[in-house]
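Below is one structure, written out as structure tokens; comments come after it.
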Amino acid sequence: MIVYVYLSLPYNRWLMQKTLQYLILSILIFTLFECNSRYSDPSIILDQAEKIIDIHPDSTLYLLRLISNPNILDKKNYNKYYLLEIAAKDKCFYDISSDSIICYVKDYYIKNKDYKNAPLALFYCGRIQQENDNLKDALRFFLAAEEYAEHIMNDKLKGLIHSNKSLLYGSQYLNDKALQSARLANFYYKRSNSTKDEINSLMLIGNCHIYSNEIDSALYYYKMGIELADFKGYSQQKGRIMQNLSVIYRGLEMYSEAKQLLTEAINIVGEIDKPKIYISFANIYKSENKLDSALIYAEQSLNSDDLVSKRSSYLILADIKEKQDKFSEALEYYKKYNQHVTMIFDEEQSNAIRELSERYDFVSLISEKNKLIIEKQKILLISLLLIMVSCLISFLFYRKSLINKKIISEAEEKIENLITMANDYVKEEKTFKNILLHHFDILKKVAFIEQYISEDDKKKGERIIKKFNEVVYGKSSLNWEMLFETMNKLRNGFYEKIKSKYPELDESEYRICCLSCENFTSSEIAIIMNLSINTINKKKSIARKKIGVSPYGDLYTFFCSK
């Protein structure tokens, strides 16, 4: 009961409302701080900004400002940031005429064949050109955006492209094309269930009919837009259509109808649109030559922070004072009008400088990134070269190790074979083999080997082979002419017949064939001829092929059969 009485009192009710407002504000501030800590990751901020951009573009700009230095973002997030920023600024009716950084963003998305973002980036390139009155380039970008948009199911974007094409055609008095694009925009907006945009497109169609002086058609579409806005409860859109309708009525000198529409509109629009309605009122009263009333509304329109609205207001005030023959006051208003023209120009120049600075920072950032990439590539290349050199050195050492093992193995095999040959040598037997071994000083050489080649030498491939060569081949050489003469005598000219019958055999192949016929093994022949076993086997194969012996066929049997 006490609570009820307390709330029923006007003051206490007001106090409770204020308390609730402060409580809500405190919760909001706390939430923002929480969001700030939560959104430390730029990717999360950008994702959230992208979700709310169509409904709350001003909140999107706030979220983007949480990223203090977008220039340090990676390429993907950097381009997404600036695309979202220019889209949000355009939706909030901010000046985007100097935001040419979108051109770099556009190139990025086209290069990466990003069909979701490329048409949007192309569209905003067109918007910038449109804002700068470069209508030919603007149309070129809009057409490119339209072509890219065909790859995706984004009817809202298609509607946006066509509505801006309509504005562009209308500014060039191409009324038929403007109307066609406006109708297409309405079609796509309706299909995307974007009612606010659909209302705007109806107003755009109405404007096109105005340009063609088709007043009845214009009124039809304006009223259709008002009805749809009224049905959906979109007071802002309804108020703006009413302002357009008032302009038509003013042109038709239907001043009371125009004022009635503006009176209704001023009660439903936001504060940002009210100065424009006051200016419309001032123009109507000026057209009626009711200068005092026009003056009141023109002065009311000055209660705005918008430089463009103030500029229009001062021009109307100067015109009114001039009609009242108050030339000195009119001159003052003209001065203020010129001051605001200059201020607007300076602001545009400031934005251009800011944009140029951002563009320079972007180019500098790209340059720095390229330098870092080049440095990384250099480091990577040097690292790869070092790895390749290390691998090559390791391979060479490994190869040398294998060769060394092979040398040791071959030397040990030759020593064993030499000792075996020495053990088989019988000085008294007058065979060719014993004669050759006698000439080869087989016993003496084996003795030298056992004396000079220690166990340590056998572990070192180069040393063992060096000493082996010194002992076996360094002190004397075989007299092959004398040996073959002995062979022929023992074999009754057998080897001389072989030499004359098979001239295609070279000297080394011929000797190998002769030694093989005397039952020398490949290992023994390798020792006598100072060649590797592998080389002896290869030369044997070549000799067999030249004279027509089957592989692994017995040479002595073959020669005897011929």
Side-chain angles (χ1 to χ4, degrees), residues 57-58 61 65 82 85-103 124-138 164 167-168 170-172 240 243-244 247 250 269-287 291-292 294-362:
D58 50 345
L61 287 172
R65 294 296 177 264
Y82 280 106
E85 184 190 49
I86 193 170
K89 284 168 68 177
D90 194 38
K91 290 177 187 294
C92 291
F93 304 103
Y94 294 160
D95 179 29
I96 61 167
S97 59
S98 57
D99 289 324
S100 60
I101 200 167
I102 192 66
C103 294
Y124 283 110
C125 286
R127 284 285 299 118
I128 289 171
Q129 298 299 328
Q130 194 175 16
E131 290 293 305
N132 288 292
D133 292 325
N134 299 324
L135 303 183
K136 187 177 179 181
D137 289 334
N164 279 270
L167 290 170
L168 191 146
S171 67
Q172 295 295 294
R240 285 174 182 169
Q243 290 177 64
N244 279 29
V247 173
R250 179 161 64 90
V269 298
E271 291 298 320
I272 194 170
D273 282 329
K274 284 183 179 180
K276 296 175 184 176
I277 294 177
Y278 291 138
I279 291 170
S280 296
F281 267 121
N283 280 321
I284 291 170
Y285 282 115
K286 191 175 69 167
S287 298
L291 300 181
D292 291 335
L295 186 63
I296 292 169
Y297 281 105
E299 287 175 345
Q300 279 186 287
S301 68
L302 291 172
N303 299 322
S304 170
D305 295 328
D306 183 28
L307 292 176
V308 176
S309 294
K310 280 190 173 184
R311 180 186 63 183
S312 301
S313 301
Y314 284 125
L315 187 61
I316 293 171
L317 285 165
D319 192 29
I320 292 170
K321 291 297 180 182
E322 194 173 348
K323 287 180 182 294
Q324 293 176 335
D325 295 331
K326 297 178 180 179
F327 298 110
S328 60
E329 292 181 37
L331 182 61
E332 289 300 318
Y333 283 124
Y334 275 124
K335 286 181 180 178
K336 288 181 179 179
Y337 167 75
N338 287 326
Q339 284 175 358
H340 278 73
V341 170
T342 305
M343 288 168 67
I344 292 169
F345 177 77
D346 289 342
E347 187 178 27
E348 288 174 352
Q349 289 296 106
S350 176
N351 288 336
I353 291 169
R354 178 184 59 80
E355 188 275 333
L356 185 63
S357 175
E358 288 180 355
R359 183 174 171 182
Y360 175 76
D361 290 342
F362 172 72

Just so I know, are the side chains of [X] and [Y] near enough to count as touching, which here means a heavy-atom distance under 4.5 Å?
X    : Y    : answer
K323 : K286 : yes
K321 : L295 : yes
Y94  : L61  : yes
D292 : Q324 : yes
L317 : L302 : yes
Y297 : I277 : no
Y337 : R311 : yes
E322 : Y333 : no

Rounded distance (nearest 0.5 Å) linking atom [atom1] of [X] with atom [atom2] of [Y]:
X    : Y    : atom1 : atom2 : result
D90  : I102 : CG    : CD1   : 10.5 Å
R250 : S287 : CZ    : OG    : 5.0 Å
N303 : S313 : CG    : OG    : 9.0 Å
S312 : K276 : OG    : NZ    : 9.5 Å
Y334 : E329 : OH    : CD    : 13.5 Å
L168 : L135 : CG    : CG    : 5.0 Å

Check: D319 side chain, L315 main-chain N or O, donor-acceptor pair, under 3.5 Å: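 No; judged by distance alone, with no hydrogens or angles, the pair does not exist.
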I279 backbone acceptor or donor facing N283 side chain under 3.5 Å: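 A pair under 3.5 Å: yes.
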Side chain to side chain contact (heavy atoms under 4.5 Å, CB included), paired with S97, selected from N132, I128, D133: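 When N132, I128, D133 are each tested with S97, the side chain to side chain contact (heavy atoms under 4.5 Å, CB included) holds only for N132.
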Least distance between heavy atoms, A138 atom then G126 atom: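 In terms of heavy atoms, the two residues are closest at CB-O, 3.4 Å.
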Over all atoms of both residues, closest heavy-atom pair of A318 and A330: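 Closest heavy-atom pair between A318 and A330: O-CB, 3.5 Å.
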Electrostatic pair R127:E131 at N-O distance under 4.0 angstrom: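 A salt bridge is present here (some side-chain N lies under 4.0 Å from a carboxylate O).
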Neighbour count above 12 (heavy atom, 6.0 Å) for K336 NZ: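 No, the 6.0 Å shell around NZ holds no more than 12 heavy atoms from other groups.
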